[in-house]
Amino acid sequence: MNQKSNRHFAITGGIGSGKSFVCQQLEARGIRVYDCDQAAKRLMRTDEKLQHNLCQLVGEELYKEHVLQKHILAEYLLTSEANKQAVNNIIHPVVAQDFLCSGYEWLESAILFESGFNKRVVFDTIVCVVAPRATRLQRIMQRDGISEERAAEWIDCQMSQEEMEQSSDFVINNDGQADLNRQLDQLLSFMNT
């Protein structure tokens, strides 16, 4: 599955849906998955042009001795939706280019649609990982040690699971009950048709 090709596949899903777990299962099958979140963090640490552009937008104090001042970025992002979009418009094209040069075919992104990533890269198949809201709440609360109310806020600030499903080519039910291996077999078979 990892031979050099021009095929690209995306995995998305809301917080608590279990995207990362599905990606781990794919990796156990020998499929490497590019993690957009980790890549963005790495590029914000290492890409000087990206750092320069972020400083032009947010202010020179954003980096202190080449170290990102996360609290300054967070404050800027939370100030307005326009600020968030402006930062995304600097970071996401760099991440998309990094992915295209990476040799990876598979990509994981929680905000595939919101970030416009699906317009920057042509994907042969977009896979949406879904789980019931109650399951997602439990996973987030357990993973992050937060209240149900806070976990619900995180879910509600993202694109709805239904919208993601409608924009995807394949849906994986990761409710903890459905047979995940069988669904992955079906996915890989679907992609090879």
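Hydrophobic clustering (side-chain heavy atoms under 4.5 Å, transitive across Ile, Leu, Val, Met, Phe, Trp, Tyr) groups L43 together with Y63. Linking ILVMFWY side-chain heavy atoms closer than 4.5 Å, directly or via other members, places V171 and I126 in two distinct hydrophobic clusters. Residues I140 and F21 fall into different hydrophobic clusters, defined by Ile, Leu, Val, Met, Phe, Trp and Tyr side chains chained together at heavy-atom separations under 4.5 Å. Side-chain heavy atoms closer than 4.5 Å link hydrophobic residues (I, L, V, M, F, W, Y) into clusters, and following such links, possibly through other members, connects M44 to I72. Tracing side-chain contacts under 4.5 Å through hydrophobic residues (I, L, V, M, F, W, Y), one reaches F170 starting from L26; they form part of the same cluster.
In terms of heavy-atom proximity, S102 sits nearest to R32 at O-NH2, 4.2 Å. The two atoms that bring K19 and G14 nearest to each other are NZ-O, 3.6 Å, heavy atoms only. The minimum heavy-atom distance between R120 and N89, with the atom names listed, is NH2-OD1, 4.0 Å. When all heavy atoms of E27 and V33 are compared, the closest pair comes out as OE2-N, 3.2 Å.
Between Q158 and E114, some side-chain heavy-atom pair lies under the 4.5 Å cut-off. D169 places none of its side-chain heavy atoms less than 4.5 Å from the side chain of F123. Put simply, the side chain of L112 reaches to within 4.5 Å of the side chain of L107, judged on heavy atoms. Taking the side chain as every heavy atom from C-beta outward, D124 and M191 never approach each other to under 4.5 Å. Between N174 and R139 there is a side-chain heavy-atom pair separated by less than 4.5 Å. Here the side chains of F117 and T12 are not in contact, with every heavy-atom distance at 4.5 Å or above. Looking at V22 and Q25, their side chains never come closer than 4.5 Å, going by heavy atoms from C-beta outward. The side-chain heavy atoms of N53 and I91, taken from C-beta on, include no pair separated by under 4.5 Å.
No more than 12 heavy atoms of other residues, nucleotides or ligands shown are found within 6.0 angstrom of CD on E48.
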*For I155 and I15, what are the C-alpha separation, side-chain angles and deciding distance, and is it a side chain to side chain contact (heavy atoms under 4.5 Å, CB included)?*
CA-CA 6 Å; I155 288 175; I15 187 171; 3.8 Å; yes
*side chain to side chain contact (heavy atoms under 4.5 Å, CB included) between S17 and V129: does it pass, once the steps are laid out?*
CA-CA 6 Å; S17 64; V129 179; 4.1 Å; yes
*Can you list the steps and then say if I172 with I11 is a side chain to side chain contact (heavy atoms under 4.5 Å, CB included)?*
CA-CA 10 Å; I172 290 181; I11 297 178; over 6 Å; no
*After noting the C-alpha distance and the side-chain angles of R45 and K41, does the key distance pass the side chain to side chain contact (heavy atoms under 4.5 Å, CB included) rule?*
CA-CA 6 Å; R45 281 194 317 270; K41 289 174 183 169; 4.2 Å; yes
Residues 93-100 side chain polar contacts: donor-acceptor under 3.5 Å, at least two apart:
from, atom 1, to, atom 2, distance (Å)
D98, OD2, Y34, OH, 2.6
D98, OD2, R42, NH2, 2.6

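With rounding to the nearest 0.5 angstrom, the CG atom of L137 is 12.5 Å from the CD atom of Q142. Separating the CZ atom in R136 from the CH2 atom in W154 is a distance of 13.0 Å, to the nearest 0.5 Å. Interatomic distance, D35 CG to E108 CD, rounded to the nearest 0.5 Å: 5.0 Å. Atom-to-atom distance recorded for I111:CD1 and M159:CE is 11.5 Å, nearest 0.5 angstrom. Here CG of L50 is found 9.5 Å from SG of C55. Values are rounded to the nearest 0.5 Å. Put simply, CD on Q51 and CG on L68 are 8.0 Å apart, with the number rounded to the nearest 0.5 Å.
Legend: salt bridge (charged side-chain N to carboxylate O under 4.0 Å, His left out) pairs involving residues 171-191, not counting sequence neighbours, sorted by first then second residue: R29-D185. Annotation: salt bridge (charged side-chain N to carboxylate O under 4.0 Å, His left out) contacts involving residues 144-168, sequence neighbours excluded, comprise R133-D156, R150-E153.
Using cut-offs of 30° and 60° for the angle between ring planes, the W106 and F9 rings count as tilted.
A donor-acceptor pair under 3.5 Å is absent between the side-chain atoms of Q161 and the main chain of G13, judged by distance alone. With Q69 contributing its side chain and V67 its backbone, the two residues share a donor-acceptor pair below 3.5 Å.
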